[in-house]
Amino acid sequence: MRTITVLGATGSIGQNTIDVISRHPNEFRVFAITGHSKLDALVKLAVQCSARYVVLSDPDTYQDFKSLMQAANCHSEILVGAQALDDVCSAPEVDTVMSAIVGAAGLLPTLSAVRAGKRVLLANKESLVMSGQLFMNAVREHKAELLPIDSEHNAIFQCLPRDFEYGNLEKSGITKILLTGSGGPFRSLPESSFDSITPDQACAHPNWTMGRKISVDSASMMNKGLEFIEAKWLFGLHENDIEVVLHPQSTIHSMVQYIDGSVIAQLGNPDMRTPISYGLSYPQRISSGVEALDFPSLADFTFSKPSKSRYPNLYLAIEACKQGQSATTAINAANEVAVDAFLNGRIKFTDIANINEQVLQKSDSIELTSIAQVLEHDEQARSLAKTILRKLN
Ligand code: NDP
Ligand code: MG
């Protein structure tokens, strides 16, 4: 029986995690779930999975939430605030933590789980983008077990040999990591109409159902850029080891190319319950509720290279990756500010890349040797992005 904390339980990954867990009541029990603003959904989840603790990251919502819990006759204990988030990740009863808070807010609780030596199921790519080396050092130091949930990284993990040594591609005869991406909803929209893209259009991904922030990132392919950085840290890669390939059908989730000409790919329907269940049960496999692929119905299977003019954010993120940790922290922070402004109707879709590019150019390139420095650098990049944003309005 594994005991699990689900960070960001009210989100898309969080709800899929509870769905998989609910299918295996004899194998998993929920210790704690956390949520931020969706109080009704959090109550429902607490009832569904009989969580021992429910954590509200925003203490101001406590009274409203308490009334909703009483009305639902739900007896899970309510905890609030940042310390509670850390506590439910590091509690001795917990062996697995699903890290599925969106954005930089996920960094500190995820690190708590790492420092407590837990199995960490990493969906929150932003924490690795912000603090890559420091994060991986903590994983090693505290003997945490880090398993990727992002579908591409989970696919790569499945395609690597079991004895893969971190960063040692040569030893395993690996020549390339092929990171696939669908290209999002605007893969064939004329670039001249990008200025009039609305938030709802950007969030309507053709293959995946996801939270709004990652949906916009997928439309701009910043998501693939963040995943490029994530792959570097997860597997110890050099930038030249990774190639991004457009695959609009989202059937192949990523591939590993070997020296003998073999390419090993992981395929499946685009449903996050596959990587989630693999992380939960690794190294075994359990049912996830995902339908098997029906090969005869797969009409197209195509591949191409993502264009620079269509997807500037992808190339900015790769450039940041080459520059180093302070650049990836800065572009991640800028992107969070820009995407939020886009979702709130304050800027155009094309302004996201403008803001990211300017912050990347203007922020200092410094060595970040502690998490406190990472957070300070993140904060500076956010203020810079907000200043640029004000000038645009
Ligand atoms: P959602 O927006 O659907 O969910 C985000 C979760 O984070 C919610 O539970 C939300 O609470 C919580 N949250 C938001 N802001 C805060 C905050 N300031 N403090 C604490 N909690 C907060 O996102 P997704 O589930 O789509 O994505 C989650 C993470 O997983 C992201 O990092 C994303 O990049 C990654 N990921 C997602 C994939 C997907 O298919 N969705 C695929 C691969 C990676 P509430 O809703 O109650 O406000
Ligand atoms: Mg992904």
Side-chain angles (χ1 to χ4, degrees), residues 5-19 32-46 54-61 64-65 68 79-82 84-86 88-89 98-110 120-130 148-157 179-184 203 205 207-218 221-231 234 244 247 250 252-254 266 269-276 279 290 314 332 335-336 339-340 343:
T5 283
V6 183
L7 294 170
T10 44
S12 158
I13 293 287
Q15 302 223 23
N16 276 314
T17 305
I18 303 290
D19 180 279
I33 57 175
T34 85
H36 190 60
S37 63
K38 297 197 186 94
L39 305 188
D40 289 318
L42 193 56
V43 174
K44 266 195 200 141
L45 288 168
V54 184
V55 183
L56 292 169
S57 42
D58 178 1
D60 293 346
T61 56
D64 290 346
F65 186 68
L68 290 171
L79 306 173
V80 293
L85 283 176
D86 286 355
V88 295
C89 290
M98 166 56 80
S99 163
I101 288 175
V102 62
L107 174 63
L108 293 179
T110 308
V120 178
L121 308 182
L122 188 72
N124 174 267
K125 63 194 88 187
E126 295 92 341
S127 56
L128 206 46
V129 169
M130 289 171 74
I149 297 303
D150 213 342
S151 59
E152 295 76 3
H153 306 74
N154 190 274
I156 293 163
F157 181 66
L179 193 61
T180 54
S182 69
C203 288
H205 196 281
N207 307 335
W208 296 94
T209 312
M210 306 178 285
R212 284 172 79 77
K213 191 259 179 183
I214 185 176
S215 295
V216 176
D217 285 349
S218 297
M221 278 194 90
M222 171 53 95
N223 182 50
K224 209 51 55 186
L226 299 178
E227 290 179 355
F228 186 101
I229 303 163
E230 183 186 14
L234 276 172
V244 177
H247 168 51
S250 300
I252 291 180
H253 301 309
S254 275
Q266 188 262 353
N269 277 314
D271 187 321
M272 288 307 291
R273 290 176 299 174
T274 297
I276 290 168
V290 178
L314 167 65
N332 180 65
N335 185 59
E336 281 190 30
V339 169
D340 186 63
L343 283 172

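For ligands, and for the atoms within them, numbers begin at 1 and follow the listed sequence.
No part of Lys213 comes within 4.0 Å of ligand 1, judged by heavy-atom distances. Using a 4.0 Å cut-off between heavy atoms, Ser12 contacts ligand 1 through both its backbone and its side chain. Within the 4.0 Å heavy-atom criterion, the part of Met272 lying near ligand 1 is the side chain and not the backbone. By the criterion of a heavy-atom distance under 4.0 Å, both the backbone and the side chain of Ser37 are placed next to ligand 1.
Put simply, the side chain of Ser254 gets close to the backbone of Thr180: a donor and an acceptor are under 3.5 Å apart. Remark: the backbone N or O of Thr110 is not paired with any side-chain donor or acceptor of Ser99 at under 3.5 angstrom. Put simply, the side chain of Asp58 gets close to the backbone of Asp60: a donor and an acceptor are under 3.5 Å apart. A donor-acceptor pair is defined here as one N or O able to donate and one able to accept, closer than 3.5 Å; such a pair exists between the side chain of Asn124 and the backbone of Gly103. Listed for the Glu152 side chain is no donor-acceptor partner under 3.5 Å among the backbone atoms of Leu179.
Where the criterion is an N or O separation shorter than 3.5 Å, residue side chain and backbone included, Thr34 fails it with respect to ligand 1. On a distance-only criterion, Met210 and ligand 1 share no N/O pair closer than 3.5 Å. Distances between N or O atoms of Gly8 and those of ligand 1 include at least one value under 3.5 Å. The shortest N or O to N or O distance between Ile214 and ligand 1 is not under 3.5 Å.
Among all non-hydrogen protein atoms, the one lying nearest atom 25 (O) of ligand 1 is Ile13 N, 2.9 Å. Of the protein's non-hydrogen atoms, the one nearest atom 13 (N) of ligand 1 is His36 CB, 3.6 Å.
If you look at Glu152 and ask which of its N, O or S atoms sits nearest the Mg ion (ligand 2), the answer is OE1.
Between Asp40 and Lys44 there is no salt bridge, since none of the side-chain N atoms of the basic residue sits less than 4.0 Å from a carboxylate O of the acidic one. A salt bridge does not link Lys224 to Glu230: none of the charged side-chain nitrogens sits closer than 4.0 Å to a carboxylate oxygen.
The angle subtended at the Mg ion (ligand 2) by OD1 of Asp150 and OE2 of Glu227 is 100°, given to the nearest 10°.
For the pair Met272/Thr17, no side-chain contact is recorded, criterion being any heavy-atom separation below 4.5 Å from C-beta on.
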